[in-house]
Amino acid sequence: MTVSEASSLPCNSSDSGPVIPSTPLISFLERVQATALDSFGHSNFDPKLYMDMPLKLDLSATEEAFDKLPRSRNGSVSVQDLEGFIGSYLDIAGSDLVYVVPVDFVAEPIGFLPKVENPEVRAWALEVHSLWRNLSRKVADGVRERPELHTLLPLPWPVIVPGSRFIEVYYWDSYWVIRGLLVSKMYETAKAIVFNLISLIDEYGYVLNGARAYYSNRSQPPLLSSMVFDIYKRTNDLEMVRKSVPALLKEHHFWNSEIHKVTIQDAQECNHTLSRYYAMWNKPRPESSTIDRESASKLLNVSEKQHFFRELASTAESGWDFSTRWMRNPSDLTTLATTSIIPVDLNAYILKMELDIAFLSRIIGENGTAEHFSKASLARQKAMNSIFWNEKMGQWLDYWLTNSSSCKKVQRWEACNQKQNIFASNFIPVWIEMFNSDGPTVEKVMKSFRSSGLLCAAGIATTLTNSGQQWDFPNGWAPLQHMIVEGLARSGSEEARSIAEDIAVRWIKTNYATYKKTGTMHEKYDVRACGEVGGGGEYTSQTGFGWTNGVVLAFLEEFGWPQDRKIDC
């Protein structure tokens with residue numbers, strides 16, 4: 001057994017972590033989902049579709065009609081009968097969202113991308129900008145009037161959805177959507193997203209993975225403070241900051257609560273507190289219930305399955321669902337061990353949150369809070385350098401908890417528990433000013449990144465392992481490109497900025513080529529060649545696409561596009 005395998009086994013076989021209660025509506029729609037798979041078959045089957053269908057009548061009448069459907073000996077329902085039931089009792093997924101023109105959308109904003117000189121690229125950038133209008137929605141009044149008929153949550157302000165099957169707000173996607181909206185001068189739309197996410201914190205104590213009742217068992221990478229910080233930098237809106245800080249304090253508490261908090265003692269016997277992903281769930285994810293049950297079918301007992309379901313949901317909380325980064329055996333999804341890993345990127349985001357809260361508190365005169373979070377950020381920076389930093393590799397490495405992790409309050413740091421694999425996340429801390437302002441660190445990271453094998457023809461690969469999972473090679477994702485590029489560009493090193501611009505150019509070209517070929521922006525790209533769409537994972541590659549649009553606009557704002565630079569592959 002390898003270190004990774006030994007270190008990620010649970011300390012006991014039972015799964016005793018918290019579980020958020022489900023709702024009768026979710027349980028019923030999971031039954032519909034399972035029946036639909038049985039009736040319609042696997043071809044083009046998307047389990048999420050059934051979880052997003054609103055009820056036309058109350059649940060008891062709908063359930064009664066469903067239970068009366070004629071069934072064969074093996075319990076299956078005919079295609080005709082199931083289609084008839086769905087048509088009579090369920091509405092179309094997405095029908096509880098209404099298209100709305102953003103209040104601050106104009107076809108060509110004043111001062112839009114002044115550094116984009118090439119007319120072809122400028123015309124395309126305006127098309128990407130226009131996609132905000134296509135992706136803009138508000139929750140229908142009916143959701144507020146009869147919330148029990150919908151899995152969609154009644155968010156109070158208009159939203160920008162990612163696109164395709166993702167017809168609700170997602171947490172970490174929203175950061176890059178906002179970065180694009182800021183380029184588009186759509187400040188009111190950006191603030192509305194923030195206020196929607198704050199409303200989730202007010203209701204649940206944390207931002208949900210997405211604005212659906214079935215996502216209440218987990219969060220996603222915590223970037224709300226970054227959204228508030230970036231909007232403030234453009235608008236100087238102190239009122240927004242005042243409304244946001246109490247919510248950010250709640251969110252910080254959530255990510256440092258017992259289920260997320262881990263204490264490691266370093267070689268000098270100094271204790272460091274860091275955070276991990278840990279979903280409050282040990283059942284199949286409702287939106288992927290049929291897939292999760294199938295994945296778990298080879299596991300023998302209930303406690304093994306519950307542990308696996310916890311790992312699936314925790315990996316979804318990471319945003320990287322799914323990747324060999326979280327697996328003990330890269331070819332076996334049931335070896336997911338996300339709760340046994342302290343992730344580099346999560347702690348970078350929380351460090352950023354601490355720095356943001358300190359800054360935002362100071363500007364509204366909350367000096368005690370500012371001081372507290374300044375100290376917290378220094379402690380986390382020290383923890384990240386002690387636990388994650390690998391001097392020889394010039395990277396921050398994820399740290400595996402040992403097999404007694406959940407039984408011990410404090411673990412001793414062991415060099416062998418640093419996960420030596422190369423992932424794009426190993427370089428995410430360079431996005432944080434605390435790290436990118438340190439010249440010697442930037443030099444080491446830059447050298448390490450160049451020789452990592454992650455930089456490909458069309459951008460940064462997520463990992464070096466081609467597993468068929470979507471957060472693995474050869475896929476490249478907009479948020480990872482953006483954080484690494486922005487960190488290098490802001491480091492003050494001319495060489496680092498040059499590398500950053502080279503990556504941004506490759507990424508923009510592949511986005512452009514694919515857009516010209518398909519007429520759409522995609523959620524992920526195959527970075528082995530310019531103009532190739534990504535693949536793999538549980539569902540077909542989606543289009544739209546919120547964070548991809550945002551990153552293209554942010555890159556064009558940062559680097560521009562000279563008149564004579566070619567845009568073709």
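Note that the structure is a prediction, hence the values are computed from the model and not measured.
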Looking at CG of N549 and OG1 of T520, how far apart are the two atoms once the value is rounded to the nearest 0.5 Å?
10.0 Å
Indicate the ring-plane relationship of W320 and W326, choosing parallel, tilted or perpendicular according to the 30° and 60° boundaries.
perpendicular
State whether the side chain of D321 and the backbone N or O of S318 hold a donor-acceptor pair below 3.5 Å, judged by distance alone.
no
Does the pair R497/E494 count as a salt bridge with the N-to-O cut at 4.0 Å?
no
Contact check, side chains of H522 and T543, non-hydrogen atoms, under 4.5 Å
yes
Interatomic distance, E251 atom CD to L249 atom CG [nearest 0.5 angstrom]:
10.5 Å
Hey, would you say the Y204 and Y215 ring centroids sit under 6.0 Å apart?
no
Rounded to the nearest 0.5 Å, how far apart are CD1 of I342 and CG of L274?
5.5 Å
Can the ring centroids of W172 and W547 be said to lie less than 6.0 angstrom from one another?
yes
Modelled atom types, side-chain donor and acceptor of T463 and D472, under 3.5 Å:
yes
Passing option when P222 is tested against V207, L248, L346 for side-chain contact (heavy atoms from CB on, under 4.5 Å):
L346
Just do the side chain to side chain contact (heavy atoms under 4.5 Å, CB included) check on H372 and I357 with the steps written out, would you?
CA-CA 10 Å; H372 173 79; I357 292 173; over 6 Å; no
How long is the gap from OG1 on T369 to CZ on R362, to the nearest 0.5 Å?
10.5 Å
Scan residues 520-554 for pairs that pass disulfide bond (SG atoms under 2.5 Å apart), counting only residues two or more places apart or in two chains.
C530-C569
Would a 4.5 Å heavy-atom cut-off, applied to side chains only, mark I460 and F449 as touching?
yes
Do R179 and E486 meet the salt-bridge criterion of a basic N to acidic O distance under 4.0 Å?
yes
Tightest non-hydrogen contact, residues T290 and P47, listed as OG1-CB, 3.6 Å
Strictly below 4.0 Å, N to O, side chains only: are K298 and D332 in salt-bridge contact?
yes
Given D292, which of R285, K283, R310 fulfils the salt bridge (Lys or Arg N to Asp or Glu O under 4.0 Å) condition?
R285
Min side-chain heavy-atom separation P343-Y349 under 4.5 Å
no
Evaluate the side-chain proximity of V505 to R565: yes if any heavy-atom separation is below 4.5 Å, no if none is.
yes
Rounded to the nearest 0.5 angstrom, the CD-CG distance for E304 and L299 is 5.5 Å
Looking at K375 and E354, is there a salt bridge between them, counting it only when a charged N and a carboxylate O are closer than 4.0 Å?
no
Verify the distance criterion only: is there a donor paired with an acceptor across the side chains of R218 and N209 at less than 3.5 Å?
yes
Identify the two heavy atoms, one from W255 and one from M353, that lie closest to each other, and give their separation to 0.1 Å.
CD1-CE, 4.2 Å
Drop me the distance from H260's NE2 to T273's OG1, to the nearest 0.5 angstrom.
14.5 Å
Determine, for D46 against K48, whether the closest basic-nitrogen to carboxylate-oxygen distance falls under 4.0 angstrom.
no
Would you call the rings of W471 and W477 parallel, tilted or perpendicular, where under 30° means parallel and over 60° means perpendicular?
parallel
Given 3.5 Å as the limit, does a donor-acceptor pair link the side chain of E558 with the main chain of L556, or not?
no
For Q420, is the CD atom crowded, meaning more than 12 foreign heavy atoms sit under 6.0 Å from it?
yes
Apply salt bridge (charged side-chain N to carboxylate O under 4.0 Å, His left out) to the pair E311 and R328, showing each step before the final yes or no.
CA-CA 12 Å; E311 297 298 339; R328 297 193 297 273; over 6 Å; no
Looking only at heavy atoms, which two atoms of A424 and A461 are closest? And how far apart?
CB-O, 3.7 Å
Are the side chains of L197 and V169 in contact, using a 4.5 Å heavy-atom criterion?
yes
Pairs flagged by salt bridge (charged side-chain N to carboxylate O under 4.0 Å, His left out) wherever residues 339-352 is involved - sequence neighbours left out:
R325-D345, K352-D356
Look at the side chain of N436 and the backbone N and O of V430, then say whether any donor-acceptor pair between them is shorter than 3.5 Å.
yes
Salt bridge between R165 and E287, side-chain N to carboxylate O under 4.0 Å?
no
If you compare all heavy atoms of D526 against all heavy atoms of A458, which two are closest, and at what distance to 0.1 Å?
O-CB, 4.4 Å
Closest non-hydrogen contact found for A279 with S314 is N-OG, 2.9 Å
Look at the side chain of N385 and the backbone N and O of W389, then say whether any donor-acceptor pair between them is shorter than 3.5 Å.
no
Verdict with reasoning, D230 to R234, per salt bridge (charged side-chain N to carboxylate O under 4.0 Å, His left out)
CA-CA 7 Å; D230 286 345; R234 301 275 181 136; over 6 Å; no
Under the criterion side chain to side chain contact (heavy atoms under 4.5 Å, CB included), I'd like the reasoning laid out for W176 against M483: C-alpha separation, chi angles, the key distance, then a yes or no.
CA-CA 10 Å; W176 288 280; M483 285 183 283; 3.8 Å; yes
Closest non-hydrogen contact found for G476 with T462 is CA-OG1, 4.1 Å
Verify, without hydrogens or angle tests, whether S288 (side chain) and P284 (backbone) share a donor-acceptor contact under 3.5 angstrom.
no
Is it true that a side-chain atom of S448 and a backbone atom of M393 form a donor plus acceptor pair closer than 3.5 Å?
yes
Chi angles and distances behind the side chain to side chain contact (heavy atoms under 4.5 Å, CB included) call for T441, W396
CA-CA 11 Å; T441 298; W396 294 268; 3.9 Å; yes
Under a plain distance cut-off of 3.5 Å, with no hydrogens placed, do T402 and E414 share a side-chain donor-acceptor pair?
no
Stepwise side chain to side chain contact (heavy atoms under 4.5 Å, CB included) check, F555 with Q481
CA-CA 10 Å; F555 279 171; Q481 318 296 315; 4.2 Å; yes
If only atom types and distance count, is the side chain of Y206 paired as donor or acceptor with the main-chain N or O of Q220 below 3.5 Å?
no
Under 3.5 Å, is there a donor on one side chain and an acceptor on the other for T548 and E523?
no
Is there a side-chain contact between K524 and F545 in this structure, where contact means two heavy atoms from C-beta onward sitting under 4.5 Å apart?
no
Side chain N347, main chain S275, donor-acceptor under 3.5 Å
yes
S257 side chain to F254 main-chain N or O, any donor-acceptor pair under 3.5 Å?
yes
Pairwise side-chain contact, C270 with K382, heavy-atom cut-off 4.5 Å (strictly under)
yes
For the rings on W507 and F559, is their centre-to-centre separation under 6.0 Å?
no
Note, W400 side chain near C416 side chain (heavy atom, < 4.5 Å)
no
Between E317 (side chain only) and Y278 (backbone N and O only), is there a donor and an acceptor less than 3.5 Å apart?
yes
